[in-house]
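When a ligand or atom number is given, it counts from 1 through the structure's own listing order. Hydrogens, waters and symmetry mates are skipped; everything else that's a heavy atom, side chains included, is used. This chain uses plain numbering: 1 for the first residue, then up along the sequence.
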Amino acid sequence: MKLIRFGEPGAEKPGVIINENYFDVSALVSDYNEDFFGGDGLEKLKKDIESADLPQVDQGVRLGPALARPSKIVCVGLNYKDHAAETNAAIPPEPILFFKATSAIVGPNDDLVIPKNSKKTDWEVELAIVIGKKASYVSEEDALNHIAGYALHNDYSEREFQIERNGQWVKGKSCDTFAPIGPFIATPDEIEDVHNLRLWLTVNGKTLQDGNTSNFIFNVPFIVSYISQFMTLLPGDVISTGTPAGVGLGQKPEPWYLKAGDVVELGIDGLGTSKQEVKAYSGQ
Ligand code: ZN
């Protein structure tokens, strides 16, 4: 199944994609939230849509983030060897974890707003894991049983806030619009091999990232099991699994970053594509 949420920001309804078409399932499901992912929501929906007469939704509709705001976004830093090398970082002996504020979540094709006082807004195409059943101290063998699905995520990062402003990376990861998630969540049965997915990103049509999840340092079951040793992963929580080489910080001869007017497009095999137009901050 492919889950979408559609409609105006803050008023999105749940939907599904069937044969490329969008359908409204709000008569069957209230939202893709903790209750939905933690209970039998996915199995029930799968059964219910077979017999339901679902209203079709126009493809021009705005897509919202593919899930309701979760309790947390946990990100893995430096999970591809080539990205660790480009940022002059050592291969980590254990996963580096950091948080990203859930208020950063937006729809897959919403604008990216450069934060106030930002000079170094950067991109990171990533595979996101969506947690199904609650995960606490799960083994690697059991980890896949706690995954509801996968989605495309752009882990936007302000490098000055992240690296030069002291303390934890969270400051450079949490700005509004820094977490476009979607277009959809694909349930695991839709993905043949999560460890062999091409992921790519372009800025203004130029390919900058072109990696593959086969180059993970830490794989999906390991990551879920590992994080669950330190915190309980609740249904609907998002784990972003790290980015391959080709971010702005790694550009040669000089790093460069996003500016208003740029267009960022990204995609992962089986998980669709997204597109963000870059806007200047216009608040006070
Ligand atoms: Zn990242």
Side-chain angles (χ1 to χ4, degrees), residues 65 70 72-92 94-106 108 112 114-115 118 120-131 150-165 167-182 194-195 197-203 208-220 222-224 226-227 233 237-251 255 257-258 264-268 271 274 276 278:
K72 52 193 170 292
I73 306 173
V74 188
C75 301
V76 182
L78 306 172
N79 196 26
Y80 291 79
K81 292 185 189 102
D82 53 355
H83 177 59
E86 75 172 347
T87 54
N88 295 315
I91 300 280
E94 291 189 56
I96 292 167
L97 301 183
F98 60 90
F99 278 122
K100 191 173 180 84
T102 57
S103 48
I105 296 173
V106 288
L112 180 272
I114 294 183
S118 162
K120 300 183 177 178
T121 296
D122 203 348
W123 55 86
E124 295 192 344
V125 60
E126 304 201 1
L127 171 74
I129 300 166
V130 179
I131 294 295
Y150 301 99
L152 173 64
H153 176 221
N154 193 344
D155 176 26
Y156 279 111
S157 306
E158 214 295 342
R159 301 301 183 194
E160 190 200 19
F161 298 178
Q162 178 190 348
I163 299 165
E164 300 168 41
R165 298 291 293 276
Q168 301 187 332
W169 290 2
V170 64
K171 281 188 261 185
K173 298 287 189 171
S174 295
C175 309
D176 289 352
T177 74
F178 268 29
I181 297 177
V194 75
H195 298 115
L197 302 176
R198 177 177 175 241
L199 65 175
W200 56 269
L201 180 144
T202 68
V203 177
L208 295 167
Q209 295 191 274
D210 192 355
N212 193 294
T213 58
S214 61
N215 294 317
F216 273 155
I217 298 170
F218 303 107
N219 69 20
V220 167
F222 182 87
I223 288 168
V224 172
Y226 182 84
I227 297 173
L233 291 162
D237 279 357
V238 172
I239 300 171
S240 204
T241 58
T243 200
V247 301
L249 178 66
Q251 296 301 309
Y257 300 100
L258 295 170
V264 180
E265 293 177 83
L266 55 152
I268 303 183
L271 295 174
S274 70
Q276 296 95 42
V278 180

*Asks:* Suppose the cut-off is 2.8 Å; which protein N/O/S atoms would you list for the Zn ion (ligand 1)?
*Replies:*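 Near the Zn ion (ligand 1), the protein supplies Glu124 OE1, Glu126 OE2, Asp155 OD2.
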
*Asks:* Should the ring pair His195 and Phe216 be called parallel, tilted or perpendicular, given that the plane angle runs from 0 to 90° and is split at 30 and 60?
*Replies:*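 Perpendicular.
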
*Asks:* Taking only residues two or more places apart in sequence or in another chain, which ones pass side-chain contact (heavy atoms from CB on, under 4.5 Å) with Pro92?
*Replies:*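 Result, side-chain contact (heavy atoms from CB on, under 4.5 Å) vs Pro92: Leu78, Ile96, Ile217, Phe218.
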
*Asks:* Could you check whether atom CD of Gln168 has more than 12 heavy atoms from other residues, nucleotides or ligands sitting under 6.0 Å from it?
*Replies:*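 No.
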
*Asks:* State plainly whether the residues Lys100 and Glu158 are in salt-bridge range, i.e. N to O under 4.0 Å.
*Replies:*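 No.
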
*Asks:* Closest approach of Ser157 and Gln162, non-hydrogen atoms and distance?
*Replies:*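 Heavy atoms of Ser157 and Gln162 come nearest at CB-OE1, 3.9 Å.
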
*Asks:* Apply the side-chain contact (heavy atoms from CB on, under 4.5 Å) test between Phe178 and each candidate in Ile105, Val106, Ile73, Thr121; give the one that qualifies.
*Replies:*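 With Phe178 as partner, Ile105, Val106, Ile73, Thr121 yield a single side-chain contact (heavy atoms from CB on, under 4.5 Å), made by Thr121.
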
